[in-house]
Amino acid sequence: MLTPARPATGDPILIGEHPALDFLNSALAPHGETLDHLYDGDTLRAWLGASRVLPEFLVQAAALFSPARMTRLASDARELREAFRRILGQRHEATAADLVSNDLECINTWLSRSPLLLTPVPAGDGWRLTLRRDPSTPAALIAELASVCADLLVNHPHEQVRKCENPACTLWFHDSKRGPRRRWCSMGICGNRMKVAAHRARRKA
């Protein structure tokens, strides 16, 4: 559970290797205080443009939403994000990949509020059918975020989804590469720090 937050500034840290984890990492606590890229409508708007987690047509639609709509949207996005955080935490604490039904219901509820529509779009000299959400409503953005969360839960083995092994770090990542198991969100951020701490502990012992 993250501590009470203040607005994050600057670019988001995109080390998740999956859009759902970049979404989860929109709140981080590098120095013990939580910085939140979804703190309010303004920070959410900036995060949507910088993270590239959502399709561009939804990001462009959000640019036209009123400040009041963006504030509500930021609150909904935080609610979904923290439900997703609880799901991942529960999966990694349990011996099996059991999921918390109430948290899954949160994801399913947001998916149902903006169903995918089958729409014909121009393609070369003809047309093709594509599935997309109605960009005119904020629910479409949350539904798309819920969709990437569901994709991670359903289509990727839970053992490949890991939290950084630095106990003070809140960042998660997806590791599907062959070779040594990835342990840190970033070697530069946490890996070197933890190696130095381990070396000092050995010398002290």
Side-chain angles (χ1 to χ4, degrees), residues 2 5 7-30 34-65 69-89 91 103-104 106-117 130-156 158 160-164 169-177 182 185-186 189:
L2 294 173
T9 58
D11 293 333
I13 296 177
L14 305 175
I15 53 88
E17 302 294 339
H18 188 282
L21 297 176
D22 287 333
F23 170 52
L24 187 69
N25 293 338
S26 61
L28 63 160
T34 302
L35 305 176
D36 198 339
H37 286 280
L38 312 183
Y39 184 85
D40 55 21
D42 290 337
T43 54
L44 171 60
R45 201 187 303 273
W47 179 82
L48 287 172
S51 68
R52 300 186 182 276
V53 166
L54 294 185
E56 184 62 24
F57 79 94
L58 289 176
V59 176
Q60 291 176 357
L64 303 177
F65 291 163
R69 262 192 163 189
M70 288 301 297
T71 296
R72 291 194 298 271
L73 184 58
S75 176
D76 292 337
R78 293 194 304 272
E79 177 186 337
L80 170 62
R81 183 187 64 196
E82 297 314 310
F84 184 50
R85 190 185 308 281
R86 288 190 294 272
I87 290 173
L88 291 187
R91 290 179 88 190
D103 289 335
L104 282 179
C106 175
I107 291 179
N108 289 332
T109 296
W110 281 114
L111 288 172
S112 68
R113 289 181 184 177
S114 179
L116 287 167
L117 305 176
T130 184
L131 287 169
R132 61 186 296 170
R133 302 188 192 277
D134 178 3
S136 65
T137 65
L141 277 80
I142 304 298
E144 196 65 25
L145 289 171
S147 179
V148 299
C149 293
D151 173 76
L152 184 79
L153 294 172
V154 172
N155 295 322
H156 299 272
H158 73 280
Q160 293 180 353
V161 180
R162 305 192 190 111
K163 183 180 174 295
C164 178
C169 184
T170 61
L171 299 180
W172 290 73
F173 55 86
H174 179 255
D175 182 16
S176 60
K177 300 181 180 66
R182 180 178 170 184
C185 61
S186 163
I189 296 174

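- The closest side-chain heavy-atom distance from Leu38 to Leu44 is below 4.5 Å.
- Residues Asp134 and Thr137 bring no donor and acceptor atom of their side chains to less than 3.5 Å of each other.
- For the pair Glu144 and Pro55, the minimum side-chain heavy-atom distance is below 4.5 Å.
- Without hydrogens or angle criteria, Asn25 side chain to Trp172 main chain gives a donor-acceptor distance under 3.5 Å.
- Remark: the backbone N or O of Ala143 is not paired with any side-chain donor or acceptor of Ser147 at under 3.5 angstrom.
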Residue pair His18, Asp151: steps toward the side-chain hydrogen bond (donor to acceptor under 3.5 Å, both in side chains) verdict: CA-CA 10 Å; His18 188 282; Asp151 173 76; 2.8 Å; yes

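- With Arg132 contributing its side chain and Leu117 its backbone, the two residues share no donor-acceptor pair below 3.5 Å.
- Using a cutoff of 4.0 Å between basic side-chain nitrogens and carboxylate oxygens, Asp40 and Arg78 are not scored as salt-bridged.
- Side-chain contact between Leu48 and Leu141 is present, with at least one heavy-atom pair separated by less than 4.5 Å.
- The side-chain heavy atoms of Phe173 and Val161, taken from C-beta on, include no pair separated by under 4.5 Å.
- Inter-residue side-chain proximity for Arg81 and Leu24 is flagged as met; some heavy-atom pair is nearer than 4.5 Å.
- For the pair Trp110/Leu145, no side-chain contact is recorded, criterion being any heavy-atom separation below 4.5 Å from C-beta on.
- Ring-plane geometry between His174 and His156 is classed as perpendicular, the angle between the planes exceeding 60 degrees on a 0 to 90 degree scale with a lower cut at 30.
- Of the candidates Lys163, Arg162, Arg182, Asp175 forms a salt bridge (Lys or Arg N to Asp or Glu O under 4.0 Å) with just one, namely Arg162.
- Residues Asp36 and Thr43 fail the side-chain proximity criterion, which asks for heavy atoms closer than 4.5 Å.
- Environment of CZ in Arg52: sparse, with no more than 12 heavy atoms of neighbouring residues, nucleotides or ligands closer than 6.0 Å.
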